[in-house]
J.: 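Below is the structure I would like to discuss, written out as structure tokens.
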Amino acid sequence: MSSVPEAGPRLAGFTIGVTAARRAEEFGTLLTRRGATVVSAPAIRIIPLADDSELERVTEQLIVHPPQIVVATTGIGFRGWMEAAEGWGLAETLRDTLATTRLLARGPKAKGSIRAAELREEWSPASESSAEVLDHLLAEGVDGVRIAVQLHGATTEWEPVPDFCEVLRCAGADVVPVPVYRWEPPADRGPMDAMIEAIIAGSLDCVTFTSAPAVASMLMRAKETGLLDALLHALRGRVLAACVGPITAAPLEELGVPTTMPGRARLGALARHVAEELPRRAGRIYAAGHLISVRGGCVVVDDEVRQLAPAPMALMRALARQPGRVVSREDLLAALPGGGEDTHAVETAIARLRAGLGKPKAIQTVVKRGYRLALDTADCADTPVPQPPRAAGIATPARSPRPAQPIGVW
């Protein structure tokens, strides 16, 4: 589903993919208010386990033999656990049991759910990382300690997981896993398949992820459809991967995909961060006295968004990859959707491109050779735009390096 930008020039002309399953509409609104076009394709669906016999069995076991420590890893998981207990008539008993334990919250969402249940956490890491929770427990010693760990989702070959319980067991703890919910790929794979293809085609400027399972689900689907290499190539190049935090980014970072993220793992912070990063990274081409920026689904000419049909858009991308250099009719024909053998189709698409840009002189015809963007020699230089140094710290998480975008290069 796509939404057209309403207002806010900062992201005008940019097309952003949203993979969130929960709060997708809220996040999409934050982006469209800044001018973006949003394409939504939930990468996962959360399956509550309110009727799951294993969760009920574990809950009853913990009530009879209370743990000394309970680790809440996610807000939705802890809240779902309490809601499930309500359905079994065990909510008050479970709450009383948990009130006698030491509650640790992995992050602010888990902390919020604990407090919503009228309980209080003892400690929560500043990093919002399971690894820091684990280090905290190991540092104080867990030998002989009964610890309940609220699990989340499912593990895959790409998720940063998951030997949390096993490490505690090896340190001598009596670990009770609490399987509160699980995630699955979406029932309808169509939207996610379309988003993967859009990433590969370069018709998205950015794709956003708000959970590691969403990343894992997209990678799984791309592998199933034989598009994993092409997807990773696109994410390592033109399409920006924006993640809500380091835990979400970890599966991509492991595969060599550069990611960007806000200083705080919040939806609002992610929307603001994307609004800062995309314009900063946008390629700029100076042609025939006009400033042109090629985006995923349109071209911005002198700050005016120009929507183009697929054929002229494809030619614009081909010309912008080598600004100022001649691109042959044969190469442009190969770039057209559907290809073909008649170079007359290129002439037609070029005419439509010139009309669509509103600046016909920006595209030059080179007789018997092809077409090029009308750049001056100085504008064709391969000098990269200087990027301000970004020191890693609490407010600015460390990120994989991303090549600087040269002036005049798409």
Side-chain angles (χ1 to χ4, degrees), residues 10-11 14-24 26-28 30-31 34 36 38 40-44 73-75 106-111 124-133 152-153 158-161 195 199 204-219 231-232 234-282 296 387-405:
R10 187 130 184 101
L11 288 176
F14 290 104
T15 303
I16 300 174
V18 172
T19 61
R22 296 178 61 251
R23 302 177 68 188
E26 174 188 346
F27 184 50
L30 293 175
L31 296 172
R34 291 170 168 82
V38 172
S40 181
I44 61 173
T73 58
T74 65
R106 180 181 64 82
K109 293 179 182 178
K111 184 191 302 184
S124 182
S127 66
E128 304 177 21
S129 165
S130 296
E132 189 172 347
V133 176
H152 64 285
W158 288 290
E159 282 187 273
V161 168
M195 182 172 288
I199 293 170
L204 292 184
D205 297 286
C206 171
V207 59
T208 60
F209 297 98
T210 54
S211 70
V215 175
S217 181
M218 179 171 283
L219 294 173
L231 175 67
L232 293 175
L235 292 174
R236 289 170 185 147
R238 189 188 184 286
V239 182
L240 179 65
C243 300
V244 74
I247 294 173
T248 298
L252 293 171
E253 297 280 353
E254 285 293 320
L255 292 169
V257 173
T259 63
T260 187
M261 68 193 74
R264 299 181 72 233
R266 305 289 185 277
L267 283 186
L270 179 59
R272 289 191 295 273
H273 183 70
V274 169
E276 293 169 359
E277 285 295 294
L278 278 181
R280 186 179 71 84
R281 296 168 183 266
Q387 298 292 338
R390 303 177 71 90
I394 294 176
T396 308
R399 305 178 181 92
S400 293
R402 194 178 188 91
Q405 184 77 348

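Residue numbers count from 1 along this sequence. Computed over heavy atoms, backbone and side chain alike; hydrogens, waters and symmetry mates excluded. Computed from a predicted model, the values in this text were never measured in an experiment.
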J.: By side chain to side chain contact (heavy atoms under 4.5 Å, CB included), which residues pair with Lys111, not counting sequence neighbours?
T.: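 Side chain to side chain contact (heavy atoms under 4.5 Å, CB included) check on Lys111 returns Ala105, Arg115, Glu121, Ser124.
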J.: Quick one: closest heavy-atom pair of Gly28 and Val38, and the distance?
T.: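 So the minimum-distance heavy-atom pair works out to O-CG2, 3.8 Å.
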J.: So which atom in Ala275 and which in Leu11 form the shortest heavy-atom distance, rounded to 0.1 Å?
T.: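 Heavy-atom minimum between the residues: CA-CD2, 3.7 Å.
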J.: Given side chain to side chain contact (heavy atoms under 4.5 Å, CB included), test Phe27 with Thr208 step by step and report yes or no.
T.: CA-CA 10 Å; Phe27 184 50; Thr208 60; 3.3 Å; yes
J.: Decide side chain to side chain contact (heavy atoms under 4.5 Å, CB included) for Val207 and Leu240; before the verdict, give the C-alpha distance in whole Å, the side-chain angles of both, and the deciding distance to 0.1 Å.
T.: CA-CA 6 Å; Val207 59; Leu240 179 65; over 6 Å; no
J.: Considering non-hydrogen atoms only, spot the tightest contact between Leu231 and Ile199 and give its length.
T.: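 That would be CD1-CG2, 3.7 Å.
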J.: For the residue pair Leu235 and Ala241, what are the closest heavy atoms and their distance?
T.: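 Between these two residues, the closest heavy atoms are CD2-CB, 4.4 Å.
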J.: Stepwise, does the side chain to side chain contact (heavy atoms under 4.5 Å, CB included) test hold for Glu277 with His273?
T.: CA-CA 6 Å; Glu277 285 295 294; His273 183 70; 3.4 Å; yes
J.: Return the minimal non-hydrogen interatomic distance between Ala265 and Gly245, and the atom names on each side.
T.: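 For Ala265 and Gly245, the tightest heavy-atom pair comes out as CB-CA, 4.4 Å.
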J.: Of all residues at least two apart in sequence or in a different chain, which pass the side chain to side chain donor-acceptor pair (under 3.5 Å) check with Arg22?
T.: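 Side chain to side chain donor-acceptor pair (under 3.5 Å) list for Arg22, sorted by chain: empty.
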J.: Quick one: list whatever passes side chain to side chain contact (heavy atoms under 4.5 Å, CB included) with Ala131, sequence neighbours left out.
T.: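 Ala131 satisfies side chain to side chain contact (heavy atoms under 4.5 Å, CB included) with Ser129 once adjacent residues are dropped.
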J.: If we only count heavy atoms from C-beta on, is the Arg238 to Asp205 side-chain gap below 4.5 Å?
T.: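 In contact.
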J.: Among Thr248, Thr19, Ile44, which residue satisfies the side chain to side chain contact (heavy atoms under 4.5 Å, CB included) criterion with Pro213?
T.: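 Result for side chain to side chain contact (heavy atoms under 4.5 Å, CB included) with Pro213: Ile44.
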J.: For a quick test of reading the model, state the closest non-hydrogen atom pair linking Ala212 to Pro251 and the distance between them.
T.: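 What the structure gives for the nearest pair is CB-CG, 4.3 Å.
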J.: Only counting residues at least two apart or in another chain, list the ones meeting side chain to side chain contact (heavy atoms under 4.5 Å, CB included) with Leu232.
T.: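 Scan of Leu232 (side chain to side chain contact (heavy atoms under 4.5 Å, CB included), adjacent residues dropped) gives Leu219, Leu228, Arg236, Leu255, Val257.
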J.: For the CD atom of Glu132 and the CZ atom of Arg106, what is their distance to the nearest 0.5 Å?
T.: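 Rounded to the nearest 0.5 Å, the CD-CZ separation comes to 11.5 Å.
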J.: OG1 of Thr15 to CG of Leu204: how many Å apart, nearest 0.5 Å?
T.: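 Reported value, rounded in 0.5 Å steps: 6.5 Å.
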J.: Measure the shortest side-chain to side-chain distance between Arg10 and Leu278 over non-hydrogen atoms and say whether it is less than 4.5 angstrom.
T.: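 They are not in contact (no side-chain heavy atoms under 4.5 Å apart), so the answer is no.
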J.: Check the pair Met218 / Phe209 against side chain to side chain contact (heavy atoms under 4.5 Å, CB included), numbers first and verdict last.
T.: CA-CA 10 Å; Met218 179 171 283; Phe209 297 98; 3.9 Å; yes
J.: According to side chain to side chain contact (heavy atoms under 4.5 Å, CB included), who are the partners of Ala249, at least two apart in sequence or on a separate chain?
T.: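 Ala249: side chain to side chain contact (heavy atoms under 4.5 Å, CB included) contacts with Cys243, Glu253, Thr259, Met261.
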J.: Arg272: which residues meet the salt bridge (charged side-chain N to carboxylate O under 4.0 Å, His left out) condition with it, sequence neighbours left out?
T.: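 Per chain and number, Arg272 pairs via salt bridge (charged side-chain N to carboxylate O under 4.0 Å, His left out) with no residue.
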